[in-house]
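Written below as structure tokens is the structure these notes are about.
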Amino acid sequence: MQHVPRASHRINNSMPLGLYISIPFCRTKCSYCNFASGVFSKSAYENYVGHVLEDIANSRQLAAELGCALDTSADSVYLGGGTPSILDAAQMLRIFAAVRGQFAITPDAEITVECAPGTLTPALIETLLQCGVNRVSLGVQSFVDQEAQSVGRLHKRSTVLEEIARLREAGLHNINIDLIAGLPHQTAESWAFSLSETIATGTPHVSVYMLEVDEDSRLGRELIAGGARYHAHFVPNDDATADFYQQACEMLAGAGIAQYEISNFARSEAESRDNELHSNESLHNLKYWTRQPYLGFGVDAHSMLVVDHYEAGRPMAVRFATPDSLDAYMNRAPHAVTPVSAQAAIEESFFLGLRLNRGVDLESLCRDFRLQQNFSRDAVAVWKSAVEQSVQDGLLEQQGTTVRLTARGRLLSNEVFARFLAEEKVGTGT
Ligand code: SF4
């Protein structure tokens, strides 16, 4: 049975870590992609892997320099990117050997590798098994070939279905499918088709993201500045994309794939095809939302560790991140380090907790932080009017001391979070 973090907000020094390793290489650059990833020659892969291995070996030293505790065990490992499945077998095996050399991976650990459909050859699947991988996340984005091709994806619907079958034959059943709402050419009908296909695959986990429009992707820039090269003129408008998101929530719920976070959905235990008793929620991602310690390696990798000896008035935890460019990372540019005060930690718990459908119990949040009576009241009181207003506006619902986003609130989550941040500024007089 897989362990799912309870809704505890206080992190401590003896929690198994989540480990993240970023592989920033891709076969092509998708037009919507705003990640720190790109197309590089194969010779760059080897140097990069060598650098990541050094960082893994030095992780204890780094934690000590930051005054942080580092557990020796890890119960989740996530190879993301980029396209980790682009590495050759020897490189992938070396990464996992280095991880196991530094950390005791618990027997029930969730070990995920993100894979681009079209790369899952029998040889790669064999390598994944040798590495102990038990979960595969597939960047499908759309089951409609025209939509996938219009943003530069290299696979077809048939490839995805073949590779899911191949993974299952090899015993890898724990599969996630990523979808994007708002791709060029998408319509309510084509989106319903992608969702139906996703449901029909029977994978235990689905992630649904709405197309992000920003300056960091070619399609985003075209949507802002105009143009037709990346099919911006075929991108559905914001209202249609919002409708697609709601459509996804409804269709997935109807198929027994329950939403547990703004973008994430998992089959309930009873619905799971393999019928074993386990949670299909992503243990690794839950670490981020429940503020459990995690350590990232490679380009644009984020970490959060608890400080070794907490004293009142000092940071409780430290967040740090590697550079988001390959050059800067390879040239050993320093980490960006952000100490997390007790006040910041309680705020993080609130905002991250709201992302989860189970919401945040304000009483237990205060209790978990063992805050002084006055502080707990102040910390929570500052959100009171934003909670009340958001409940009135149908964005939040409150049950006893627990608050959670409504379906509409999840759609407009950034707007809800902005309300609380504005309240905090008023409350703290800044
Ligand atoms: S979306 Fe994924 S596969 Fe495409 S460029 Fe970005 S990281 Fe690479």
Side-chain angles (χ1 to χ4, degrees), residues 20-42 44-45 48-49 52 78-88 91-92 95 112-121 124 128 135-157 159-160 163-164 175-186 194 198 205-223 229-232 235 241 263-264 282 284-285 296-302 321-327 329:
Y20 176 82
I21 299 131
S22 146
I23 307 297
F25 308 120
C26 296
R27 295 177 298 169
T28 56
K29 184 77 180 171
C30 307
S31 64
Y32 60 81
C33 180
N34 55 8
F35 299 150
S37 67
V39 180
F40 294 87
S41 71
K42 290 213 168 200
Y45 304 179
Y48 180 79
V49 168
V52 167
Y78 195 105
L79 215 60
T83 308
S85 53
I86 209 168
L87 295 182
D88 68 28
Q91 289 161 342
M92 209 175 279
I95 289 175
T112 307
V113 173
E114 284 181 356
C115 296
T119 60
L120 279 157
T121 59
L124 173 67
L128 295 178
R135 185 169 184 273
V136 168
S137 179
L138 286 175
V140 176
Q141 320 312 356
S142 169
F143 276 95
V144 177
D145 292 347
Q146 182 198 23
E147 293 171 12
Q149 280 158 22
S150 75
V151 290
R153 304 296 290 172
L154 297 175
H155 62 265
K156 295 194 156 147
R157 165 185 171 273
T159 320
V160 177
E163 293 188 345
I164 288 175
I175 300 168
N176 168 59
I177 287 180
D178 277 349
L179 294 177
I180 297 181
L183 290 178
H185 304 287
Q186 213 164 51
S194 278
T198 301
H205 194 281
V206 180
S207 300
V208 178
Y209 302 99
M210 286 195 277
L211 181 74
E212 288 183 15
V213 180
D214 59 34
E215 295 279 356
D216 294 332
S217 74
R218 289 167 298 164
L219 178 57
R221 286 193 291 276
E222 192 171 273
L223 281 161
R229 182 164 176 201
Y230 299 108
H231 306 269
V235 168
T241 301
S263 304
N264 288 281
S282 162
H284 188 81
N285 287 340
F297 300 99
V299 170
D300 200 21
H302 294 245
T322 55
D324 64 3
S325 95
L326 183 61
D327 267 359
Y329 174 71

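Every number for a ligand or one of its atoms is a count from 1 in the order of the listing. In this chain, numbering begins with 1 at the start of the sequence shown.
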Identify the closest protein heavy atom to atom 7 (S) of ligand 1: which residue and atom is it, and at what distance?
Gly82 N, 3.2 Å
Just need the protein heavy atom nearest to atom 8 (Fe) of ligand 1, so name the residue and atom and give the distance.
Cys26 SG, 2.2 Å
Side chains of Asn34 and Ser217: is there a donor and an acceptor less than 3.5 Å apart?
no
Are there over 12 heavy-atom neighbours, none belonging to Lys42, within less than 6.0 Å of that residue's NZ?
no
Check Arg153 against ligand 1 and report side chain, backbone, both or neither, counting heavy atoms closer than 4.0 Å.
side chain
Winner among Tyr32, Phe25, Phe35 once heavy atoms are compared against atom 1 (S) of ligand 1
Tyr32
Return yes when at least one N/O/S atom of Cys30 is nearer than 2.8 Å to atom 6 (Fe) of ligand 1, and no when none is.
no
Under 4.0 Å to a heavy atom of Cys33 - the qualifying atoms of ligand 1, by number:
1 (S), 5 (S), 6 (Fe), 7 (S)
Near Ser37 (heavy-atom distance under 4.0 Å), the atoms of ligand 1 are 5 (S), 6 (Fe), 7 (S), 8 (Fe)
A student checking ligand 1 against Thr28 at a 4.0 Å heavy-atom cut-off should list atoms 5 (S)
With rounding to the nearest 0.5 Å, note down the distance linking OG1 in Thr119 to CG in Leu87.
10.5 Å
What's the spacing between His155 NE2 and Leu120 CG if we round to 0.5 Å?
11.5 Å
For Phe40 together with Tyr48, are the ring centres under 6.0 Å from each other?
no
Using 0.5 Å steps for rounding, measure from the CG atom of Asn285 to the OH atom of Tyr78.
6.0 Å
